[in-house]
Q: 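Below is one structure. I have some questions about it.
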2 protein chains.
Amino acid sequence: MQLVDLHKFKISCSNCNLAELCLPRGLSNDEMDELDKVVRQTRPLHKGDHLFRSGDPLSSLYAVRSGSIKLYIHSNDGDEQIIGFYLPGEIIGLDGMEHNSHSCSAVALETSSSCTFPYTQLTDVCKKIPALQDQMFRLMGREISYENKLLLTISKKSAEERIATFLSSLSLRFRQLGFSADEFKLSMSRQEIGNYLGLTIETVSRIFSRFQKKEYIAIDRKYIQILDRPSLEGLCKGNSSDSKNSSACS
Amino acid sequence: MQLVDLHKFKISCSNCNLAELCLPRGLSNDEMDELDKVVRQTRPLHKGDHLFRSGDPLSSLYAVRSGSIKLYIHSNDGDEQIIGFYLPGEIIGLDGMEHNSHSCSAVALETSSSCTFPYTQLTDVCKKIPALQDQMFRLMGREISYENKLLLTISKKSAEERIATFLSSLSLRFRQLGFSADEFKLSMSRQEIGNYLGLTIETVSRIFSRFQKKEYIAIDRKYIQILDRPSLEGLCKGNSSDSKNSSACS
DNA sequence: GGCATTTCTTGATTTAGATCATCATTGACG
DNA sequence: CGTCAATGATGATCTAAATCAAGAAATGCC
């Protein structure tokens, strides 16, 4: 009996403390039970494990449950572009809904776990539960807004502004998850930060050093501390003006 | 009687020659009739007229019917980033679905018209017509994939590659609309092309001249002719490898 | 525990594209 | 039709960030 309850706990949206940030947001208890019927837990991912790869058929959407997942695309001449770093409660795989096949690849940056929503079952539930359809639309709208802001950051901002924006966005998202906003671990390498922001690893490293010298941050390997948030956020003034959305520009 | 028929023709998806590229794609005749009940035609837009502005409540989604519409966001320190140029059959306003308010602004680049889908009515119809929900998901997935590719282009490609990618994408989209793929008019200024691609107007102008010298294109003011498509497309090798999606990277 | 590999930092140099500066066209408008 | 403003082309110069080049530190592996 205990085992059954434990099992149920592990795969249920109703009992998940991320529910309010995640796919089930806005659902009634009855509606969440319907969603619970389709959600599955995937085996834990280790650093470097792929959740899916570009070209795979879209079998499922995924919610990050713990850890962090990087999405990236690659061009046919070998360039790679990281699209985002996804934290618990965030949904990945949405880009695959165009052609029912993934156009990004998703890889774990550290030991991570995710919840799996088999795609056809999920869309069937959406057809039955209007509130879930609304939430899907909201999540996809969020992804589009997020990319709009990232585009602005990469296309119009200096290297310092890009990195300040990246750090304060991560900080905000950690706070929303109930973690410290002032001290956290970067699960991605300097190389990955640079790729994501359209900079080289050397530039990222130099700007981290510069921010440390100015005492905006303290950084030790992957552990970062925000020391002077106002100065850091002053550098992000270029963020999109819609403050409600500012979390998206990670 | 004639007048009534004409009126009906003007606002009906069932009679629209863009239906297969646009929101009603994949709907049966009966389903299209349901969509026809909510679609409205907006008054024509003149060059510079806004369809909506960042911050406006999301009252509707829009399909471009004729002409071309530019979407852009602005940061709170005055930077502006053009997100895309939208042609007939393409849907705009999707980013607003996160918070029920537009986070982009939409402005006509030339005399244009659009079809209006009042948002709450549209989502209600989606709840009744599964095929329409599927199509909405596809369209939003397309927008996400499009932005992924644009991000790659802006972040990783040289100025020449960006412009070659821009031109061949426009060309492809014109062909899909049944227009010439080899001769078309650019409805946007050099300034706007530069803003979109993360380049200055001078760089855009210089690269157009360079492409003309190499006889890749002929350009006269806003009129452009593709002379050497293979060379031009050779420069786009950096496009995302998923060839099905290549149209998105405009 | 020690060696090898990867990741990161920092300095020197280069460069693609930005900025600055004209000038030429084009188009709008009284 | 002529003036004025906006748009575009092109050359000269500058600069932010890339590239090249060592080292240093951390991590993984036997």
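Chain letters run A, B, ... following the sequence lines, proteins first and then strands; every chain starts at 1. Values below: all heavy atoms of this structure, side chains included; hydrogens, waters and symmetry mates excluded. Since this is a predicted model, take the numbers as computed values, not measurements.
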Q: Toward the 5' end of DNA chain C, which comes first, Lys222(A) or Arg206(A), by nearest nucleotide?
A: Lys222(A)

Q: Indicate whether OP1 or OP2 belonging to dT7(C) is found under 4.0 Å from a side-chain N or O atom of Ser205(A).
A: no

Q: Any side-chain N or O of Ser189(A) under 4.0 Å from OP1/OP2 of dT6(C)?
A: no

Q: Take the protein atom CD1 of Ile201(A) and the nucleotide atom C1' of dG23(D), then report the distance between them rounded to whole Å.
A: 14 Å

Q: Name the nucleic acid region contacted by Gly198(B), choosing base, sugar-phosphate or nothing; use a 4.0 angstrom heavy-atom cut-off, strictly under.
A: sugar-phosphate

Q: From CD1 of Ile154(A) over to P of dA18(D), roughly how many Å is that when rounded to an integer?
A: 12 Å

Q: Check if the side chain of Glu202(B) and the base of dC20(C) share a donor-acceptor pair of N or O atoms closer than 3.5 Å.
A: yes

Q: What is the distance, to the nearest angstrom, from the CG atom on Asp79(A) to the P atom on dA18(D)?
A: 14 Å

Q: Between dG11(C) atom C1' and Lys213(A) atom NZ, what is the distance in whole Å?
A: 12 Å

Q: Is NZ or CZ of Lys70(A) both nearer than 6.0 Å to the six-membered ring centre of Tyr72(A) and within 45° of the ring axis?
A: yes

Q: Taking Asp182(B) first and then Arg229(B), would you say they form a salt bridge - that is, a charged N and a carboxylate O separated by under 4.0 Å?
A: yes

Q: Grab the OH-P distance between Tyr223(A) and dT7(C) for me, whole Å please.
A: 17 Å

Q: Mind checking whether Phe52(B) and Tyr62(B) have ring centres under 6.0 Å apart?
A: yes

Q: Could you tell me how far apart Gln191(A) (CD) and dT6(C) (C1') are, to the nearest whole angstrom?
A: 12 Å

Q: Please state how far atom CG in Asp220(B) lies from atom P in dT7(D), giving the value in whole angstrom units.
A: 18 Å

Q: Does the base of dG27(C) carry an N or O that pairs as donor and acceptor with the side chain of Arg221(B) under 3.5 Å?
A: no

Q: Tell me whether the count of non-hydrogen atoms from other residues, nucleotides or ligands lying under 6.0 Å of NZ in Lys47(A) goes above 12.
A: no

Q: Pick the nucleotide of DNA chain D nearest each of Lys47(B) and Ala159(A); which residue has the one closer to the 5' end?
A: Lys47(B)

Q: Can you tell me how far C1' of dC8(C) sits from CD1 of Ile224(A), to the nearest Å?
A: 14 Å

Q: Between Phe179(A) and Phe184(A), does the ring centroid distance fall short of 6.0 Å?
A: no

Q: Report yes if a side-chain nitrogen or oxygen of Thr200(A) is closer than 4.0 Å to either non-bridging phosphate oxygen (OP1 or OP2) of dA18(D); otherwise report no.
A: yes

